[in-house]
Amino acid sequence: MSGFFERLLGRSPSKGSGSTAKERLQFILVHDRINLPPERLQAMKAEILEVISKYVSVDREDVDIFLEQRDRDSLIKAEIPFSGITDQDEARKRLNQPSAAGDDTLDDG
Amino acid sequence: MGAKVVTVTSGKGGVGKTTTTANIGVALARMGKKVVLIDADIGLRNLDIVMGLENRIVYDMVDVIEGRCQLRQAMIKHKQFPDLFLIPAAQTRDKTAVSPTDMIQTADKLRPEFDFIVIDSPAGIERGFRNAIAPADEVLIVTNPEVSAVRDADRIIGLLEANNKGPGRLILNRVKPEMIKKGEMMSAEDVTDILAIKLIGIVPEDEGVIPSSNSGTPITLNENSRAGQAFRNIARRLNGEDVPFMQLTESGGFLQRITRLFSGGQSE
Ligand SMILES: Nc1ncnc2c1ncn2[C@@H]1O[C@H](COP(=O)(O)OP(=O)(O)OP(=O)(O)O)[C@@H](O)[C@H]1O
Ligand SMILES: [Mg+2]
């Protein structure tokens with residue numbers, strides 16, 4: 001999963017401290033407004049992915065779950081591509097074994 | 001018709017609420033409006049000093065509410081503008097001496113006689129803030145172009161919305177254009193992008209502000225001051241006039257940019 005934080009940090013145009021101030025504020029306010037600190041947001045994203053993986057096979061490389069601001073309102077958006085498994089047995093197995101195999105980033109139940 | 005009640009508030013302290021209240025009051029009075037200013041900062045009264053009226057105080061807001069005087073008796077008339085009044089805050093009382101209901105009732109008594117009632121809010125989100133916004137028809141949020149002040153302004157805007165007093169309009173105070181040019185300060189556009197509310201004024205940092213408080217003559221009375229001009233513009237906008245902003249360029253929507261930021265360019 002390409003990191004929200006890395007992306008945010010990596011995007012700084014580093015012109016002057018004014019743009020740093022703006023970027024820091026945008027980051028701070030996203031969390032202030034929904035009253036959800038960054039670690040909790042990460043945990044929530046992991047759990048969302050976990051739940052979806054119970055039902056369908058997910059292409060974890062291309063997962064993107066992110067917060068968006070519309071005026072002063074916040075919303076969460078998720079782009080979660082399926083990895084195209086059509087095998088019925090595989091699907092049934094998933095239903096019985098909630099934890100998606102082969103994933104090392106998510107291991108909470 | 002009745003007065004419009006305008007509350008000046010901020011979140012973070014020391015960003016310029018009292019300076020703004022005094023200057024907007026004087027600017028409106030100069031426009032021929034009937035204006036009463038209320039200092040809602042109980043225990044830390046300040047507006048009387050900035051207005052140069054501290055020697056004329058006999059009664060204050062708490063005296064009115066506790067029935068020791070008539071509302072009229074607590075209203076101090078300005079020396080220069082006979083239609084400009086100040087109701088001072090009590091200096092020695094605790095904040096609970098006034099309630100939001102008291103403020104609404106007081107404002108309602110004043111409404112028929114005035115064009116504008118401007119309330120100077122204390123910093124923070126406690127009782128004094130709730131008192132100050134209770135009678136407001138419009139709230140002005142003062143902030144400085146600094147991370148902590150803008151963050152606190154955002155919190156206040158959220159609270160205003162939760163109390164059906166939002167979103168309010170923003171006054172960006174103590175702006176230093178030369179720092180913005182160097183990229184070392186957020187511009188008005190940056191701040192309104194972040195807060196997503198409308199701007200009513202941009203007030204530059206001005207060395208004349210402190211001397212004007214020293215002498216008790218709000219800077220807007222100085223024709224040559226840039227901050228004074230900014231406050232006069234705010235007064236005219238409050239009065240419904242369409243006054244263009246000094247060199248504020250609008251470009252690209254807030255939504256577009258923040259969407260890009262949080263989606264890494266993948267948004268639709
Ligand atoms: N545009 C300006 N240029 C220069 N100095 C300013 C400007 N605006 C305010 N100040 C100064 O900043 C200080 C704080 O201003 P002010 O008392 O109006 O803030 P406040 O928000 O009312 O503070 P408090 O939260 O304590 O009530 C004062 O010394 C004032 O002179
Ligand atoms: Mg003050």
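Remember, it's a predicted structure, so these values are computed and weren't measured experimentally. Throughout, protein chains are lettered first and strands after them, A, B, ... in sequence-line order, and every chain is numbered starting at 1.
- Between A:R72 atom CZ and B:D154 atom CG the span is 4.5 Å, to the nearest 0.5 Å.
- Taking CG of B:L195 as the start and CG of A:D71 as the end, the distance is 12.0 Å to the nearest 0.5 Å.
- Between A:D32 and B:R155 there is no salt bridge, since none of the side-chain N atoms of the basic residue sits less than 4.0 Å from a carboxylate O of the acidic one.
- Interatomic distance, OG of A:S17 versus CE of B:M179, reported as 6.0 Å (0.5 Å rounding).
- Within the model, atoms CD of B:E189 and NZ of A:K22 stand 6.5 Å from one another, a figure rounded to the nearest 0.5 Å.
- Proximity of a side-chain donor or acceptor of B:E184 to a complementary backbone N or O of A:G18 within less than 3.5 Å is not detected.
- B:I194 and A:R33 get closest at one heavy-atom pair: O-NH2, 2.8 Å.
- Between chain A and the residues B:M185, B:R151, B:E146, the most heavy-atom pairs under 4.5 angstrom are made by B:R151.
- Around CZ of B:R169, the count of heavy atoms belonging to other residues, nucleotides or ligands within 6.0 Å exceeds 12.
- Counting non-hydrogen atoms of other residues, nucleotides and ligands closer than 6.0 Å to CD of B:E241 gives a total above 12.
- Closest approach of B:V147 to A:L25, counting heavy atoms only: O-CD2, 3.4 Å.
- Taking chain A as the reference chain and counting heavy-atom pairs below 4.5 Å, the highest number among B:I197, B:V191, B:I157 is found for B:I157.
- Distance check: B:D190 CG to A:Q26 CD gives 8.5 Å after rounding to the nearest 0.5 Å.
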